[in-house]
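Just so it is clear: chains get the letters A, B, ... in the order the sequence lines come, proteins before strands, and each one is counted from 1. As a basis for the values below, the full set of heavy atoms in this structure was taken, side chains included, without hydrogen atoms, waters or symmetry mates.
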Amino acid sequence: MRRSKRYRNIAQNLDRSKVYPLVESIDLVKRNAQAKFNETVELIANLGIDPKKADQQVRGTVSLPSGTGQTVRVLVFAEGDAAKQAQEAGADFVGSEDLAKKIQEGWTDFDVAIATPDMMRIVGRLGKILGPRGLMPNPKTGTVTTDVARTIQEFKAGKIEYRADRTGGIHVRVGKASFSSQQLLDNIRVVIDALLRARPTTAKGQYVKSLFLCSTMSPSVRLDINEVREAIRSGV
Amino acid sequence: MLALAGVTLAYGDRKILDNVNWNIGDGDRVALVGPNGEGKSTLLKVACGVLLPSEGEIIKPKNQTVGYLPQNVMQTRGERLWDHVLSGHEEILAAGEELHALEDRLAFPVNDKDKMARLLRRYGDLQENFARIGGYDLETEAARILSGLGFSKGRWHDLTDIWSGGWQVRIELARLLLRRPDTLLLDEPTNYLDLENIEWLESFLLNYPGAVVLVCHDRVFLDRVALRTTEIERGQLIEYRGNYSFYEREKDLRREQLEATAKHQEKRIELVERFINRYRADKKRAKQVQSRIKMLEKMETVDVPVYRRRLQVRFPQPPRSGKDVLRVRNLSKAYGSNVVFSNAQFTIQRGDRVALVGLNGAGKSTMMRILNQREEPTTGTVEIGYNVFPAYMAQDHADNLVGRQTILEEMEDGSSPETRANLRGLLGAFLFSGDEVLKPVRVLSGGEKTRLGLAKLLCSEFNLLLLDEPTNHLDLISKEVLSEAMEAYTGTVVFVSHDRRFLRRVATKVIEIKDGVVTEYPWPYEDYEWYVHHEGK
């Protein structure tokens, strides 16, 4: 793939063989985010799990203390009182059959889908559209719930979902390049902490194989895993 | 991973596989090549467990799945295409049903909070498992595969009964590809595919995460897909670390090396023998002579395998026909409301080698039958020129062979008393020699049946050859020989084939059937390909 001049310039000044301490890497990624928009900062982890095994799934949600820096569009499948609560809590789209129909016709302009349990009969039909996009409501991530108002507020405030893909890789957005270093650090700390806690008991060998930090359009920076672990433990 | 260790399979005293070892690693893409009837399909059947070997074992890890596409598939009846293709995934379908049952259960309010929490936990687990085994991607993937293999969306819910033989193979192929087994064994998957679908299958297999073993007689396909070639010859497997072109080069090279070694050895033996003869009576050198004799006894002689006989096809010099061989005017064909093609207009002249191309089901075989006057057109005429004697080989000619008969009897059936005397000679040219002509037709492999079909064709006098997929099941060398014979033939040929190399070599003119429209291109196939890629878009 041919890279842009901007990208090549940044990559030239980056030592790809080096591992960076957490704080230094945050500054580096912030400095490298030179595209003409506010780039998203992402944390990438390569985990030593076998994602084919049912008992080695890494998945969950985590609330970012500094938020994601993005407006999250929340869709709620609910009827009656729950629908009213959802409207009041600031959901962007609320409905049931009407929304399902719209989605079946190809519309997916939202970031999170939440449903009350009784709605799963309708939402279940949308599996082949929502499933591959990671938008399917699931009790494990708290998106199938009777308390829709609280869930909406949490997601609006910066709750995000993480899930290991088929290769054992995890990509989590941890904020924007415009965030202060401290804000990013707070978010990253929470995410890594959650990942470490989510370690499946059956996973063998080294759990976190590698960690990277990057922004939307810049090269990634490799983190020093041991240093990161120390930093999180001591609460820098 | 899949491995065959010390596998032997024999029918009577003929060993098809003789103490064979074969490893297929993860991500391997192996081309299995060899002449027709040498045991390629048998090897695949043994590898997937359909046939049990007489000796040896097949080793595969516990959870490893193996998928096998046979050359001839059984027609499935009474099922919808979509359901049948998905039915390979019992695990996903069962998980989906459980999930939906629980969704229905959740639709009714549960007042007990603990019970609700338990239900939700269970639902979460089921959903996660469903996603992990690919439940959410199944239908999208099925749609992708069906489109890629040429099934139009409007027909996905048709019954499987109505699809023709070639399409049955595609249905099974689609079902197999959707299952994504760790090892995929495909026996001539391209036989009934159109070029467009062959190219799609190529790219699908190139990105396939598991191992693929291919028996295929499309050279271009093999070259693009295979990373490794295994040749089967006289019950033994020979490995080549490259695609088909590499195999051809390497095989020649190895043979040359072997010949050189054999020659060198011969020279050496001659020298030693001369020494022995010269000093045999000499007492002083008795020890030396004895040691040389021993050396000769111990020496392993290098055997150069004899060249395998090649198919020998030469079409006889045809009686001269009139200049216009076939004149087609306003030809249309419809089955009920289904119009296959309409208003076809073309003339085939003496010496033309016409390729009839188009997608599967476009009406190529129908056109061939009409040209051969086996079927009546709905409107229009086919005029056969002066002094034209057609000979026709149908796509399904193998179905018309009588299984009980021997090869020789089958030939005798269709021949005139004058040609009967030469039948054995003719069969010999088609590689049925000696007692082989007494084999019953039902035990023949796909390629052998095609060879028999071609041999039968030559029993009559003709100057217009109408061949519907003559290259199906033929091995690569036989295909080359057939294309040479067709190139050298001075009569007129109309043929259908999906083999790109064969089309490029033989066709001097192309007639395309597309969406019911018949278009004549008076150019060789390569020019037609260029035109379709550049102008057609």
Please say whether more than 12 non-hydrogen atoms of neighbouring residues, nucleotides or ligands are located less than 6.0 Å from [atom1] in [X].
X	atom1	value
A/Asp81	CG	no
A/Gln153	CD	yes
A/Arg8	CZ	yes
A/Phe37	CZ	yes
A/Gln104	CD	yes

Within this structure, what is the [atom1]-[atom2] distance for the pair [X] and [Y], rounded to the nearest 0.5 Å?
X	Y	atom1	atom2	result
B/Asn129	A/Gln57	CG	CD	8.5 Å
A/Thr146	B/Leu120	OG1	CG	7.5 Å
A/Met120	B/Leu102	CE	CG	9.5 Å
B/Phe130	A/Asn138	CZ	CG	12.5 Å

Note to self: Looking at A/Arg166 and B/Asp137, is any side-chain nitrogen of the basic one under 4.0 Å from a carboxylate oxygen of the acidic one?
What the structure shows: yes
Next item on the list: Check whether any side-chain heavy atom of A/Pro117 sits under 4.5 Å from a side-chain heavy atom of B/Met116, and report yes or no.
Entry: yes
Margin query: Quick check: do A/Lys140 and B/Asp125 have side-chain heavy atoms less than 4.5 Å from each other?
Written below: yes
Margin query: One pair to check against salt bridge (charged side-chain N to carboxylate O under 4.0 Å, His left out): A/Lys128 and B/Glu139. What are the steps and the verdict?
Written below: CA-CA 7 Å; A/Lys128 67 174 176 190; B/Glu139 292 191 11; 3.2 Å; yes
Next item on the list: Go through the steps for B/Arg132 and A/Asp55 under the test salt bridge (charged side-chain N to carboxylate O under 4.0 Å, His left out), then give the verdict.
Entry: CA-CA 11 Å; B/Arg132 183 182 58 82; A/Asp55 54 2; over 6 Å; no
Next item on the list: Report the option among A/Arg125, A/Lys52, A/Met119, A/Arg121 that has the most heavy-atom pairs separated by less than 4.5 Å from atoms of chain B.
Entry: A/Arg121
Margin query: Below 4.5 Å, heavy-atom pairs only: which of A/Pro139, A/Pro137, A/Gly131 has the largest tally toward chain B?
Written below: A/Pro139
Notebook entry, point to check: How close do A/Pro132 and B/Tyr136 get, heavy atom to heavy atom, and via which atoms?
Noted result: CG-O, 3.7 Å
